[in-house]
Amino acid sequence: MPEGSQGFLKRERLQDLFDLLVRFGFEPVGPRVQDGIIVYAPLSGPEDLPWGVRDLQDPGSYRIEPDLGERNFSWANGPQALKPFLFAPRDTLWESRRDISGPLSFSPLSPPNRRLAVIGVRSCDLAALSLQDRHFLKGPFPDPFYKARRQDLLLIAVDCSHPARTCFCASTGDGPEARSGFDLALGELDEGFLVRPGSDLGRTLLRELSLAPPAPGMEERLTAQTDHAASVQERHLPPGEFRHDLVSRPDHPHWAQIAARCLSCGNCTAVCPTCFCFSEREEPALDGHHSLHVREWDSCFTAGHSYLHPAPLREDTRVRYRQWLTHKLGTWHDQYGRSGCVGCGRCLTWCPVGIDFTDDLPRLLEDPDGG
Amino acid sequence: MEADPHLPRSAVIRERIQESPTVFTLRVQMEEGSPRPFRFSPGQFNMIGVFGVGEIPLSIVSDPLDVDFFDHTVRVLGRVTQAMSRLVPGDRLSVRGPFGNGWPMDEKRGRDIVLISGGLGCAPLVSVVNYVLRRRGDFGTLTVLHGVKNPGDLFWKDRFDRLNEGEGTRAFLTSDTGGPGWEGSVGPVTDLIPHLPLTPRTSAKICGPEPMMIATIKMLVERGIPEDELWISMERNMQCATGFCGHCQLGELFICQSGPVFRYSDMKTRLGIRGL
């Protein structure tokens, strides 16, 4: 097999991939069925992957059910993205110590030193990762926790073959094919995987696997499958540049209509792979001498998020939802050079009342004055 | 040595001054092991923490030339300021900072400075008063318009009085409600603007609640001050101060990174939108 080109990994040889990752010092993490959903969790081997499982997703609805096939990735993303592995839901940033007299002392804490290899990353989540990299690493003070976890992360992507009804990555330009940001990418066919490298480490791993070249027709079948995965997507963002219209009409009456349905629960921000807000607080020990400074995921849907004495600046659901969506699809462009939406559809699926902003957007973009 | 913005340092309280029943000033000194001197610009802020309680952003009100200490003036409003109000000289605080951009002072040398503050928002402007008084020859006239809700909310009266004794410095005080012994005007701070002496060299800095800033700016613009000579200090919830936590977002801006001080002409489209 020529250097840098694709190899073919038979499904029965998936164990070799796991063995190789372990031999290179990585802890394999990937999709597995747990409590009726597909989550990312530590994997001991290929047997932990989903086998013959598919998902049914709609706004406000998620189910998995047996599939007739033998594939491992014949489903779309579950609720988790890569976000929890890098920007953890909870981190203790430092410990403060106070003695009877003398200065306070502060010990920086660091994340556990894990070398994770994430198997099965979808292209939407790679795009989201690139956005979180920009947020946490490219500013004047790179985030030490994110940075430590990021530098030891190995990514094995999978081209999406079975988008959910909530997916719209083709419309945001972020999928379904994994194009960059991975070490290895897998294209799944019934008989196994086409494996291609995306980094030097990926090329090394691919060489170690010593794969046969793909059989004639395999690459064409993968391309057709990926094209199909794009063409079957039902949802899409409005065409053209709409962010200015979205941001410049804060009093559009349709915001109130969305707010009438929204529970302000924050599920959308928790499952969103690009949302980055967190809150910080102290957790003092009862001994009076120690205190932990903790950060936890926050959401712009909470009252506390915009609290400015004596009340939240964003006092109701209308302006909180507006903040979320205008940031995600509008001002994100100014901050990070592109939209904050990668089309993963999680905020639709995991919204308890099934708000589908791709359905609301055209209404938000209608001129409220009828012009 | 640059201070790590992600890790606090210990500071000791050297003095505590009760400015009014609910306002106090702490004079704070960094302790051994901290980068010295503590350098900052007027209008910048620190994240100040009380052990076991939490951190809040506080504007630095002392002068940058005083490198061995810095002052924070605090109104008791919430959990952290309550706890802070009980601290005494010798007690410790945690400090991260300074953060933010501060007022453009160097480029305003030779200008006539107008400061207008309302509500609780005068702390960021007090740093400017101190700065101009300390470098009196570098600036033209200094005029302060300061509005409070009730006469009892006024503090630093002696400082304002001293401005009226000095050459080229004036302070005009007003209260929304009058009362026995109140010598200033009665009414909103905007009532004072028609009488404000303006020159082609005037540069104005405004700090207070957004509606007050909007009304003030409208009148100043009508009186002919160019929009890019109006500067404002914005306030939002802040937790990390390093541009990550998302709480201080205003449109596409993180106030902790791009602010808290803005030229009005850069901020005008974002002012006065409820919940932005």
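The figures that follow rest on heavy atoms only: side chains count, while hydrogens, waters and symmetry mates do not. Note that this is a predicted model, so its numbers are computed, not measured. Proteins come first, then strands; the chains are lettered A, B, ... in the order of their sequence lines, and each starts at number 1.
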TODO: Please flag which part of Q323(A) lies under 4.5 Å from any non-hydrogen atom of chain B: side chain, backbone, both or neither.
DONE: side chain
Task: Straight-line distance of S258(B) OG to Q335(A) CD, nearest 0.5 Å - done: 9.0 Å
Open item on the list: Quick one, H247(B) and S279(A) - any side-chain contact, counting heavy atoms below 4.5 Å?
Closed with: yes
Task: Side chain / backbone / both / neither for D298(A) at chain B, heavy atoms under 4.5 Å - done: side chain
- [ ] Identify which part of R281(A) has an atom lying under 4.5 Å from any heavy atom of chain B, answering side chain, backbone, both or neither.
- [x] neither
Task: Spacing of C240(B) atom SG and F141(A) atom CZ [to the nearest 0.5 Å] - done: 9.5 Å
Open item on the list: Is H305(A) in contact with chain B via its backbone, its side chain, both, or neither, using a 4.5 Å heavy-atom distance?
Closed with: both
Open item on the list: What part of R322(A) gets within 4.5 angstrom of chain B, counting heavy atoms only: side chain, backbone, both, or neither?
Closed with: side chain
Task: Segment of P250(A) engaging chain B (4.5 angstrom heavy-atom cut-off) - done: side chain
- [ ] Go through the atoms of F145(A) and report whether side chain, backbone, both or neither lie under 4.5 Å from a heavy atom of chain B.
- [x] neither
- [ ] Please flag which part of H293(A) lies under 4.5 Å from any non-hydrogen atom of chain B: side chain, backbone, both or neither.
- [x] side chain
Task: Heavy-atom closest contact (Y307(A) atom, N237(B) atom, distance) - done: O-ND2, 3.0 Å
Open item on the list: Distance check, rounded to the nearest 0.5 Å: S96(A) atom OG versus L7(B) atom CG?
Closed with: 8.5 Å
Task: Heavy-atom proximity to chain B below 4.5 Å, by part of P312(A) - done: neither
TODO: Pick one of side chain, backbone, both or neither for L313(A), based on which atoms fall under 4.5 Å of a heavy atom in chain B.
DONE: both
Task: Heavy-atom contact with chain B under 4.5 Å, split by part of T326(A) - done: neither
